[in-house]
Amino acid sequence: MTFREKAARLTQLTTLDDVEHGTLKTDGAQNHHLWSDTQYPHRQLVNRFRAEVKDHYFWQQRFRCCYCSTELQPNARVYDAEHILDKSGFPEFMFHPENIAVACVICNTHKSAKSVLTDGTVRPQTIPGTSTDYKILHPHLDEWDHHLSFDEIGRIAPIPGSTKGPKTISICAMDGINLLRLSGHFAAKYRKRVYEMMCKVVTYVSPSKIDDTFRIMRELAEQSPDALAVVATLKDRVAQLQAQRAADAAAARAAQVS
């Protein structure tokens with residue numbers, strides 16, 4: 001499968017001059033709501049800025065989401081301008097093209113205002129410019145396939161040894177995308193039901209609830225040979241999540257004791 005490419009940063013706008021761009025930077029630093037405020041006197045400048053950066057990064061990223069690498073359609077209404085350092089937390093960087101990429105609505109929504117800096121205790125004075133400054137996959141500084149990949153059944157999976165891969169999957173909630181793709185292996189009449197069960201089973205703690213859910217899934221999978229392998233794959237994933245929860249709980253208890 002193909003994946004998104006590392007984007008060359010947009011360094012010179014063609015639809016705004018330096019004075020107009022400076023106005024947006026100055027005003028935006030005081031109010032992050034200007035990104036979507038239809039009453040802002042310079043709304044047309046915002047529209048031109050947004051259109052140009054979205055068009056630039058759409059083509060630079062090989063028309064794929066900067067995080068999950070899902071293919072995007074060439075219509076700016078169906079994908080978002082993603083602020084890598086979120087605009088509510090860092091409004092001073094809101095109108096800086098180097099802080100923007102294009103993302104699918106799902107990744108952009110789930111990432112929201114979550115912290116993505118390696119060191120979240122020090123507020124940067126300028127936009128951090130090296131890969132190690134970020135704990136997630138950076139659209140302009142990291143190649144997607146150095147940290148993430150598509151496995152044999154189309155799920156997004158971290159590259160072994162990458163710390164950014166798992167962090168990006170977690171922050172952008174890509175398990176939901178993966179579960180949707182897994183449900184597609186079932187017969188059409190069961191896909192919605194199976195997807196809903198998948199979303200629940202990854203949150204379960206009770207072994208009996210987990211076993212009951214997988215029993216139902218196996219019954220629904222019997223009419224679709226590929227779906228049986230999907231159930232086994234998901235069961236392995238749930239076991240991994242259970243082990244991680246147990247390890248996190250043990251670490252928390254150890255921290256309290258010390």
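Because the structure is a prediction, the values reported are computed rather than measured.
- In summary, E196 and K200 do not engage in a salt bridge, as defined by a charged side-chain N under 4.0 Å from a carboxylate O.
- Checked against salt bridge (charged side-chain N to carboxylate O under 4.0 Å, His left out), E52 has no partners two or more places apart in sequence or in another chain.
- Annotation: side chain of L228 is not in contact with side chain of V231 (no heavy-atom distance under 4.5 Å).
- Taking each heavy atom of L34 and G28 in turn, the nearest pair found is CD1-N, 3.9 Å.
- At a threshold of 4.5 Å between non-hydrogen side-chain atoms, the residues V102 and P139 do not count as touching.
- Looking at F150 and R155, their side chains never come closer than 4.5 Å, going by heavy atoms from C-beta outward.
- The salt bridge (charged side-chain N to carboxylate O under 4.0 Å, His left out) check on R123 picks up E92, with sequence neighbours excluded.
- Considering OG of S131 and CD of E143, their distance stands at 11.0 Å, rounded to 0.5 Å.
- Of all non-hydrogen atoms in L137 and Y67, the two that sit nearest each other are O-CE2, 3.5 Å.
- No continuous path of hydrophobic side-chain contacts links L141 to I100 [ILVMFWY only; heavy atoms under 4.5 Å].
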Margin query: Would C68 and C104 count as a side chain to side chain contact (heavy atoms under 4.5 Å, CB included) here? Give the steps.
Written below: CA-CA 8 Å; C68 72; C104 70; 3.8 Å; yes
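- A distance of 10.5 Å separates OG of S183 from CE of M197, quoted to the nearest 0.5 Å.
- Counting heavy atoms from C-beta outward, D18 and Q12 have side chains that approach closer than 4.5 Å.
- Using modelled atom types and a 3.5 Å distance limit, the side chains of K167 and S162 yield no donor-acceptor pair.
- Under a 4.0 Å N-O distance rule, the pair D142/K6 does not qualify as a salt bridge.
- Between the side chains of D226 and S224, no donor N or O sits under 3.5 Å from an acceptor N or O.
- Contacts of F93 classified as ring pair (Phe, Tyr, Trp, His ring centres under 6.0 Å), with partners at least two apart in sequence or in another chain: H96.
- Between F186 and M198, the closest side-chain pair of non-hydrogen atoms falls below 4.5 Å.
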Checklist line | Worked check of salt bridge (charged side-chain N to carboxylate O under 4.0 Å, His left out) between R237 and D175 | finding: CA-CA 10 Å; R237 175 59 177 158; D175 273 340; 3.1 Å; yes
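- Smallest separation of non-hydrogen atoms from S115 and K135: O-CE, 2.8 Å.
- Residue K235 places its NZ atom among 12 or fewer non-hydrogen atoms of other residues, nucleotides or ligands, all under 6.0 Å distant.
- Shown here is I106, whose CD1 atom has no more than 12 heavy atoms of other residues, nucleotides or ligands within 6.0 Å.
- With rounding to the nearest 0.5 Å, the separation of CD1 in I159 from CG in D145 is 7.0 Å.
- Considering all non-hydrogen atoms of both residues, G154 and R181 come closest at O-NH1, 3.0 Å.
- Contacts classified as side-chain hydrogen bond (donor to acceptor under 3.5 Å, both in side chains) and involving residues 21-33 (residues at least two apart or in different chains) are given here: D27-Y40.
- Between F95 and F49, the two ring planes are perpendicular [angle over 60°; tilted spans 30° to 60°].
- The local environment of CZ in R43 is crowded, with over 12 non-hydrogen atoms from other residues, nucleotides or ligands closer than 6.0 Å.
- Ion pairing between a basic and an acidic side chain is recognised when a charged N comes within 4.0 Å of a carboxylate O; E5 and R64 show no such pairing.
- Not counting sequence neighbours, E98 has no partner by the salt bridge (charged side-chain N to carboxylate O under 4.0 Å, His left out) test.
- In the hydrophobic clustering of ILVMFWY residues, with side-chain heavy atoms under 4.5 Å counting as a link, F90 and I171 come out together.
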Next item on the list: Verify side chain to side chain contact (heavy atoms under 4.5 Å, CB included) between R4 and F63, making sure each step is shown before the conclusion.
Entry: CA-CA 7 Å; R4 79 108 169 110; F63 30 90; over 6 Å; no
Margin query: What verdict does the side chain to side chain contact (heavy atoms under 4.5 Å, CB included) test give for R9 and Y57, after you've listed the backbone C-alpha separation in whole Å, the side-chain angles of each residue and the deciding distance to 0.1 Å?
Written below: CA-CA 8 Å; R9 289 177 167 181; Y57 289 119; 4.1 Å; yes
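- Under the 3.5 Å distance criterion, with hydrogens and angles disregarded, no donor-acceptor pair is assigned to the side chains of Q256 and R253.
- If you run side chain to side chain contact (heavy atoms under 4.5 Å, CB included) between V201 and each of I210, I216, D211, only I210 comes through.
- Between the side chains of Q244 and D248, at least one donor-acceptor pair of N or O atoms lies under 3.5 Å.
- Between E82 atom CD and C66 atom SG the span is 5.5 Å, to the nearest 0.5 Å.
- You'll find the side chain of I84 reaches within 4.5 Å of the side chain of H140, heavy atoms only.
- Residue-environment remark: NZ (K114) exceeds the threshold of 12 foreign heavy atoms within 6.0 Å.
- The OG atom of S208 lies 11.0 Å from the CZ atom of R215; values are rounded to the nearest 0.5 Å.
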Notebook entry, point to check: Between F214 and L234, is a side chain to side chain contact (heavy atoms under 4.5 Å, CB included) present by the stated rule, with each step listed?
Noted result: CA-CA 9 Å; F214 278 113; L234 182 60; 4.0 Å; yes
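- Here T126 contributes atom OG1 and N99 contributes atom CG; the two are 11.5 Å apart, rounded to the nearest 0.5 Å.
- When only modelled atom types and interatomic distance are considered, T118 and D133 share no side-chain donor-acceptor pair under 3.5 Å.
- Contact check for T15 versus E20: no side-chain heavy atoms found under the 4.5 Å cut-off.
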Check residues 71-79 and write down every donor-acceptor pair under 3.5 Å in which the side-chain atom is one partner and the other belongs to a residue at least two apart or another chain.
unit_1, atom_1, unit_2, atom_2, d
N75, OD1, R77, N, 3.0
N75, OD1, R77, NE, 3.4

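- Within a 6.0 Å sphere centred on CD of Q39, heavy atoms belonging to other residues, nucleotides or ligands number 12 at most.
- Counting only heavy atoms from C-beta outward, the side chains of S69 and I156 never approach each other to under 4.5 Å.
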